[in-house]
**Q** 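One structure follows; several queries about it will come next.
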Amino acid sequence: MRKFPTVPLLLAALTASFSASAADLKLGVAHALSGGAAQYGTAIRNGFVLAAEEINAKGGINGNKIQLVIDDEQGKKEEAINVFKKQIFQDKVLIIFGPTLSNSMFAAGPVANAAKTPVFATSNTAYGITDIGPFVFRNSVMEADVLPITVATATKHYGLKKVAVIYGNDDAFTKSGYDVFKQVLADQKMPVTTTETYVKGDVDFKAQLTKIKATAPDAIVCSCLAEEAANIILQARSLGISAPFIGGNGFNSPKLFEISKQAGNGTFVGSPWANANPAPVNQAFIAAYKKKYNADPNQFAAQAYDALYIAAAALQTVKISGNVEADRQALRDALPKVTLNGATGPFKFRPAVTKTGKPGGFDADQKPFIYTVQNGKFELYKGK
Amino acid sequence: MEWLDTFWSTYNTLIYTLGVHALLALSIWLTLSCGLLSMANAAFMGIGAYVAALLTLHFETPFPLVLAAAALVPAIVALIIAIPVLRLSGVYLAMATLAFGEVVRIVILNLDITGGPEGLNGIPQSTQGWHIALILAATIYGLFRMKRSRVGRALEAIREDEVAARLMGIDVDRHKLFVFTLGAVIAGIAGGLNAHFTFFISPREYGFENAVDILTMAVLGGTGTLIGPMLGSSILTLLPELLRFLNDYRGAVNGLILILVVLFLPKGLWDPQRFKGWFRPQTREGGVQ
Amino acid sequence: MLEQQLINALTLGCVYALFALGFTLVFGVLEVINLSHGAVFMAGSYAALSVVEKLNTPLWLAILIAMLICGLFGLLVDVLILKPLRARNAPHLIPMIATIGVGIFLTNVAQGLFGAEIRRFPEEVLPAGEFVIGEVHLRALELAIVAIAFVLMAVLFVILKRTQLGRALRAIAESPKAAYLLGINVEGLFHLTSFVAAALGGAAGVLIGLNFNAITPFMGQPILHKGIAVIILGGMGDIRGALIGGLFLGFAEVFSKGYLSSQMGDAIAFGLLFLILLVRPSGLFGRVLERKA
């Protein structure tokens, strides 16, 4: 059977403790840089790197430079656990940003919480993330905060009387998005003509859409990821369905509307971040991102960017003692008090209300932007 | 001994995973040893994992009972589908078990009590290292004894030539049933153990790709001995850690390994006969067949 | 709604059939379940996409180039991997396992080269056009897929039944050894079949990639699973079976999603597959595979 590489490991542990200069602040980034979630993870990483560079260029935090420890968790929960452990115990980071997927957080978050290391999610929107414990933070706005506003705005704009729903039932993200939609529609007393499902990887939705068409809804509510959303929109139109779409967080991808072009016009989506938001912080972020990466940022990059600034603001108030456990605790205590005017707008934390009543973490307290799609592009919704 | 603490804190999950994968590889070794290519073991692992998790989460059942259930329920399911399925052979059996696996996964995906696609989280960490070590040791010992016994020889006979085995009076059907069910039991326990150190399970972990992974472990290591599958599982579990630098191309190595092993090392890495061949220069490499 | 669902079922079924044609061809002649066919399908899409994007070729040429590239890849796999396994008289399962490896390899290489995000064909290249008859909507591309599926099946069927080449292939399918003794160039025909099957898979990839305009490295997986179901339903190794099986699966899926429950659509498909295997493993048209001792 295999022997474990004990000697190299020992050497690595020793050198790791010597190589970082005492003044560096080690912050862990554990995101999906390969695999199915890589498109989100890489955008997120880009956001972090950009923010870290900006902060370091201005002198760091209290004179200390930020050192990002970046690892690929592949979008798999086992990897997330492994990476978290490495960053907590080997790299001894002060805080971990990540992981990318809610599923991974359910597995790895408890590890960080038990090790009393703050973990900060920027892309986990599922229910129950912050139930994991008091060391869990997120600035990703929950669907439960966005969807009610999206639906209400669309209802008012179109005068909706009834809607149909379609969602992906094999993905935690789209399924929990559906659960929220269901609740919202019930709360707003909107009748649902029919509810259809599909699974990830499906490309043909005509069966479900034909069924939806037969019930003549005024709008179609979708809790879908961008891949499927594009085809759903296109196929709906090609079947002669003219009803507009109301989308959840998965619709937040400019590519989606590049593909579906005019077919997606009139769609309503809520998002924590808008490209069109004119606030100077946001525009500066967009310009800097474009300059560095030669691409447009998306919501994920923006939230990551803001997250680093939030953590930096907290670290500003913390006296780094060099004792990792104490510093992590101090950081954790400082975070909830931070407020930020970031690329995603005004932000503050809100303590989570946990199912069990035990102390939980902190969720994002932010208003979403509502926008519609016109001519294949997002536009901030102007109406009231 | 701080570095030992650090080492353990960082890598204990990995070590537990090694143990669980070894169990899974052995479970498929068992079915292969009598010539059955069953792709259902990932599904049985899933059944075991969900049963175990649900018992712990809803009824707070003591852990030993949970593991017993994780072994028992897949066994019952295996018994139910075995009768029709085991009449098939070769490729058809593989396809049928594959289809069965998909059905299981989809059912788990759609039931409410299993949490659907969100899976079950917050599973308490009941698994200790010694649980895994003990069960693995017991399994290895049991399989080792079985291999040497009449049952083991009967399985080999069935694998070599089923018709001849039947003619010799071996109750082929009963042996196949035994092997299929026992494989399900081992996979189920592996699932139960796994669920209790990863906090969280979802249907995604028990699908076709996972069945293929398990198969790859056994093929890589070699199915001639008990060591082979465990070697294969260890290598394939550790490889992603070692190959981090390859990023996106990491998975390609898995595929490449499968191809190369099938082509050049048909009996897998751990082939005692090949080793013997090294020590007897006058014999052709590959030893005596 | 019924008419529209029928059309939906027809087009979906032909999508599956197109994929299954190459798949079943390899099984029929080489008796190998080539589980890399899904990855080849995906490669065809990317090949066409790359050619269109980088070289600005017209669509029809891109399809041909994609078919060529995939065909060559299939040939390579046959020569490098399947042939040595044949020489060794490896049991059936071994080549199948090797093709699993090929599939994994190809998928990951594609992911490394192209990234995991969805890619799509440029707007100008997509065939436009739609037919609306009463309440029924059908896109020109979908009609093309249906037509191609039927035509291909007919062409392959005729080749197999009426030509010298076809007879040779059928002889090999019966018994490669006997065919060899009859003077048939068995190895050569194996290579040809691998080439053609992969080329067909690539073509299917381009067409379906165009139809749904969502190209990812993983697009081959779900369709591979469905393809397995199709050839088992229709009978492994039978051309007609690929089409009938594909249509059958398409109808089963569309009607269970449309009238029963969209959630259990896939479960029903696989459940059906499971049942058919138990009752009639050879499928609708297939020969019963003899138990090789």
Side-chain angles (χ1 to χ4, degrees), chain B residues 32 35-37 81 83-85 87-107 109-110 116 159-165 207-209 211-213 215-216 218-220 246-264 266, chain C residues 27 31 33 35-36 39 77 80-81 84-85 88 90-109 111-113 115-116 217 221 224-225 228-229 231-232 236 261 263-279 281-282 289 291-293:
Chain B
L32 283 173
L36 299 175
L37 177 59
I81 64 162
I83 322 272
V85 162
R87 284 188 304 144
L88 301 168
S89 69
V91 153
Y92 294 105
L93 176 69
M95 295 297 133
T97 50
L98 211 154
F100 165 71
E102 280 294 287
V103 172
V104 166
R105 189 185 61 85
I106 295 175
V107 166
L109 193 60
N110 281 298
R159 187 189 67 222
E160 290 297 315
D161 187 331
E162 197 175 309
V163 176
F208 175 66
E209 284 77 21
V212 170
D213 277 346
L215 178 65
T216 312
V219 168
L220 171 62
L246 280 180
N247 291 326
D248 271 327
Y249 292 96
R250 223 188 307 204
V253 174
N254 268 27
L256 209 51
I257 288 179
L258 211 43
I259 300 173
L260 293 175
V261 167
V262 162
L263 274 181
F264 298 115
Chain C
F27 184 80
E31 287 202 343
I33 298 214
L35 291 177
S36 66
V77 167
L80 288 182
I81 300 177
L85 292 177
R88 231 197 284 159
H92 282 324
L93 300 174
I94 303 291
M96 186 179 94
I97 296 177
T99 59
I100 294 179
V102 173
I104 296 175
F105 179 74
L106 204 54
T107 308
N108 279 283
V109 165
Q111 194 185 327
L113 285 176
Q221 309 276 42
L224 181 65
H225 295 183
I228 294 175
I231 66 168
I232 292 187
M236 300 212 229
S261 147
Q263 286 188 315
M264 296 303 246
D266 271 354
I268 294 177
F270 281 105
L272 257 175
L273 174 60
F274 190 66
L275 285 174
I276 300 239
L277 269 173
L278 299 184
V279 166
S282 49
L289 187 64
R291 292 204 172 182
K292 301 256 162 88

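Only heavy atoms go into these numbers, but all of them, side chains included; no hydrogens, no water, no symmetry mates. Quick caveat: nothing in here was measured; it's all calculated off a predicted structure.
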**Q** Can you tell which part of Val85(B) gets under 4.5 Å to a heavy atom of chain C, answering side chain, backbone, both or neither?
**A**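 Backbone plus side chain of Val85(B), per the 4.5 Å heavy-atom cut-off to chain C.
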
**Q** Which bit of Ile100(C) is near chain B, if near means a heavy-atom gap under 4.5 Å: side chain, backbone, both or neither?
**A**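 Looking at Ile100(C), backbone and side chain both touch chain B.
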
**Q** At a heavy-atom separation under 4.5 Å, does Ala94(B) approach chain C through its side chain, its backbone, both, or neither?
**A** side chain

**Q** Could you tell me if the side chain of Leu36(B) sits less than 4.5 Å from the side chain of Thr97(B), heavy atoms only?
**A**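 Heavy-atom side-chain distance check fails, nothing below 4.5 Å.
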
**Q** Heavy-atom distances under 4.5 Å only: say whether Leu80(C) touches chain B with side chain, backbone, both or neither.
**A** backbone

**Q** Checking Leu215(B) against chain C: side chain, backbone, both or neither under 4.5 Å from a heavy atom?
**A** side chain

**Q** Kindly compute the distance separating CD1 (Ile259(B)) from CD1 (Ile97(C)), expressed to the nearest 0.5 Å.
**A** 12.5 Å

**Q** Chain C heavy atoms under 4.5 Å from Ile257(B): which part of the residue, side chain, backbone, both or neither?
**A** neither

**Q** Go through the steps for Leu263(B) and Ile81(C) under the test side chain to side chain contact (heavy atoms under 4.5 Å, CB included), then give the verdict.
**A** CA-CA 7 Å; Leu263(B) 274 181; Ile81(C) 300 177; 4.0 Å; yes

**Q** Answer yes or no: is there a side-chain heavy-atom contact under 4.5 Å between Leu258(B) and Leu220(B)?
**A**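 With C-beta onward as the side chain, the pair stays apart.
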
**Q** Do Leu35(C) and Leu224(C) have side-chain heavy atoms sitting under 4.5 Å apart?
**A** yes

